Amino acid sequence: MVRIALDPTPYHHSHGLLDFPDVAARLGFEHLQLTPHADFAPFFRYPKADDDLVAALKKRAADAGVTIPSLLPVQRISSPDERLRVAAVRNFTRVIQLAVELGVPVINTEFSGRPELPEESEDAFYRSFEDLLPIIEREGVRVNIDPHPDDFVEDGLEAWRVIRGLNSRSVGFVYVASHTFHMGDRARTLIPELADRLGTVYAADTFDHRRSHGLRYISNPPGNAARVHQHLNIGDGDVDWNELFEALRISGFLEREDALIVSNVFAEDEDADASARHQLAVLTELAGGR
């Protein structure tokens, strides 16, 4: 049965890293995805956790009765700047080591390239995985990738083609519901094609920026390249949750033991506890149980 995990980002500035398992347990979650944190694996920088911190985090999670099924690092593995790409490979290699030490089987991440340089970014992505893939496969971890808005690949189908090109079952796809409208709004057709290469689903709502003939949002100057989206409570946006979960159900995702759904609302920090409880209740109902 699918697992539902908490993304603790709303608590990053109010709680310490070691408190996150207790926060998750207090809110009713049995699982926790670790997201970029200054004490563990910050955005784009070398991870800061040592053996003692890893051991302390493992103990706190065990004491709270919470598992950590996945890590989320974000490194510039597709950067056209070779210096940044090489650093990202080094940083990501350390993240893999941390995952192994923590006993975490899944790493969810992003392409982290540049949309204005798509060919150069794709080339950098494949060069990075020439180094990373042997380590990933040797250590037995699964890496899933999210085509994030403002990346070199944003469309969901095209992202799947890029991932498929690696020719490794150790690399899969993250379907982010709040990126639905940047990915082409194709849950019904994309999820069946992903099949068991869909590793993780992120659950938060968003508005469809394409509505009102492109004027749902107004940003200046007109025509700028901003990728606006939200991570709202389920029900506060335009995502068709019934369609998404029907596609997940038909594909068999909800019955897989390794399947993971992560609640990742970022717009409700002032009411984070109520938001997290709402998310857990709705996702449990949508998934038909935990």
Side-chain angles (χ1 to χ4, degrees), residues 44 70-96 99 104-202 227 244 247-248 251-253 256 258-260 262:
F44 310 127
S70 57
L71 307 180
L72 168 60
V74 182
Q75 298 289 341
R76 302 187 196 277
I77 53 174
S78 302
S79 174
D81 185 321
E82 181 65 4
R83 295 169 302 171
L84 296 178
R85 189 197 68 80
V86 170
V89 169
R90 180 191 64 215
N91 299 349
F92 206 99
T93 299
R94 176 57 179 155
V95 170
I96 296 170
V104 174
V106 172
I107 297 172
N108 294 316
T109 192
E110 302 170 9
F111 286 100
S112 298
R114 293 303 312 145
E116 66 274 11
L117 294 170
E119 293 181 17
E120 296 88 340
S121 295
E122 181 178 293
D123 176 65
F125 171 79
Y126 285 122
R127 280 189 286 124
S128 290
F129 269 86
E130 287 178 359
D131 295 323
L132 291 172
L133 200 51
I135 303 170
I136 291 166
E137 293 177 338
R138 183 183 70 234
E139 298 295 351
V141 298
R142 166 78 173 257
V143 173
N144 302 308
I145 306 175
D146 152 33
H148 200 284
D150 197 48
D151 214 323
F152 80 89
V153 54
E154 298 174 294
D155 178 81
L157 180 58
E158 183 60 24
W160 165 231
R161 290 169 176 148
V162 173
I163 293 167
R164 190 176 59 198
L166 290 170
N167 195 31
S168 173
R169 297 192 62 80
S170 294
V171 185
F173 194 99
V174 182
Y175 190 98
V176 183
S178 56
H179 302 166
T180 292
F181 304 113
H182 291 278
M183 284 198 294
D185 196 17
R186 58 174 86 244
R188 186 177 296 170
T189 56
L190 177 60
I191 287 173
E193 183 160 345
L194 296 172
D196 64 354
R197 300 288 289 281
L198 174 60
T200 303
V201 173
Y202 289 176
R227 270 72 161 181
L244 173 58
L248 294 174
S251 73
F253 179 82
R256 284 169 34 201
D258 65 336
L260 180 66
V262 178

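Throughout, numbering of the chain's residues begins at 1 and tracks the sequence. What you see is a predicted model; the values in this text were computed from it and never measured.
- Note that CG of L84 is 11.0 Å distant from OG of S112, once rounded to the nearest 0.5 Å.
- Partners of S70 by side chain to side chain donor-acceptor pair (under 3.5 Å), not counting sequence neighbours, listed by chain and number: Q33.
- Residues meeting the side chain to side chain donor-acceptor pair (under 3.5 Å) test with S79, sequence neighbours left out: none.
- E116 meets the salt bridge (Lys or Arg N to Asp or Glu O under 4.0 Å) test with R114; sequence neighbours excluded.
- Between F173 and N144 the shortest side-chain heavy-atom distance does not fall below 4.5 Å.
- Side-chain contact between V262 and V201: absent, with no pair of heavy atoms (C-beta onward) separated by less than 4.5 Å.
- When all heavy atoms of E110 and V74 are compared, the closest pair comes out as OE1-CG1, 3.7 Å.
- For S168, the side chain to side chain donor-acceptor pair (under 3.5 Å) partners two or more places apart in sequence, or in a different chain, are E137.
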(request) I would like to know whether I136 and I96 meet side chain to side chain contact (heavy atoms under 4.5 Å, CB included); could you show each step before the answer? (result) CA-CA 7 Å; I136 291 166; I96 296 170; 3.7 Å; yes
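- With a 6.0 Å radius and a threshold of 12 heavy atoms from other residues, nucleotides or ligands, E82 has its CD atom above the threshold.
- Counting only heavy atoms from C-beta outward, the side chains of F111 and H148 never approach each other to under 4.5 Å.
- Between the CG atom of L157 and the OG1 atom of T189 there is a distance of 7.5 Å, given to the nearest 0.5 Å.
- Between P80 and S121, some side-chain heavy-atom pair lies under the 4.5 Å cut-off.
- A 4.5 Å side-chain heavy-atom check between S78 and F152 finds at least one atom pair inside the cut-off.
- Between the CG atom of N167 and the CG atom of L133 there is a distance of 9.0 Å, given to the nearest 0.5 Å.
- For F129, the ring-ring contact (aromatic ring centres under 6.0 Å, His included) partners are F125, not counting sequence neighbours.
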(request) Kindly indicate, with the supporting measurements, whether the criterion side chain to side chain contact (heavy atoms under 4.5 Å, CB included) is fulfilled by L198 and L248. (result) CA-CA 10 Å; L198 174 60; L248 294 174; 3.6 Å; yes
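- Between L244 and Y175 there is a side-chain heavy-atom pair separated by less than 4.5 Å.
- Every salt bridge (Lys or Arg N to Asp or Glu O under 4.0 Å) that R164 has, sequence neighbours left out, goes to E193.
- Residues satisfying the side-chain contact (heavy atoms from CB on, under 4.5 Å) test with D131, not counting sequence neighbours, are R85, V89.
- Listed here is the closest heavy atom pair of V153 and P147: O-CB, 3.5 Å.
- With sequence neighbours excluded, the residues forming a side-chain contact (heavy atoms from CB on, under 4.5 Å) with T109 are P73, F92, V143, I145, listed by chain and number.
- Separation of atoms OG (S170) and CG (L132) is listed at 12.0 Å; rounding is to 0.5 Å.
- Using a 4.5 Å cut-off on side-chain heavy atoms (C-beta onward), D151 and P115 make no contact.
- For CZ of R186, the number of neighbouring non-hydrogen atoms (other residues, nucleotides, ligands) closer than 6.0 Å is greater than 12.
- Judged as a salt bridge (Lys or Arg N to Asp or Glu O under 4.0 Å), and not counting sequence neighbours, R138 has no contacts.
- Partners of E158 under the salt bridge (Lys or Arg N to Asp or Glu O under 4.0 Å) rule, at least two apart in sequence or in another chain, are R161.
- When side chains are defined from C-beta on, L71 does not count as touching N108, because their heavy atoms never get closer than 4.5 Å.
- For P149, the side-chain contact (heavy atoms from CB on, under 4.5 Å) criterion is met by E154, H179, H182, R227, H229, not counting sequence neighbours.
- Applying the side-chain contact (heavy atoms from CB on, under 4.5 Å) rule to R169 yields the partners D196, R197; only residues at least two apart in sequence or on another chain are considered.
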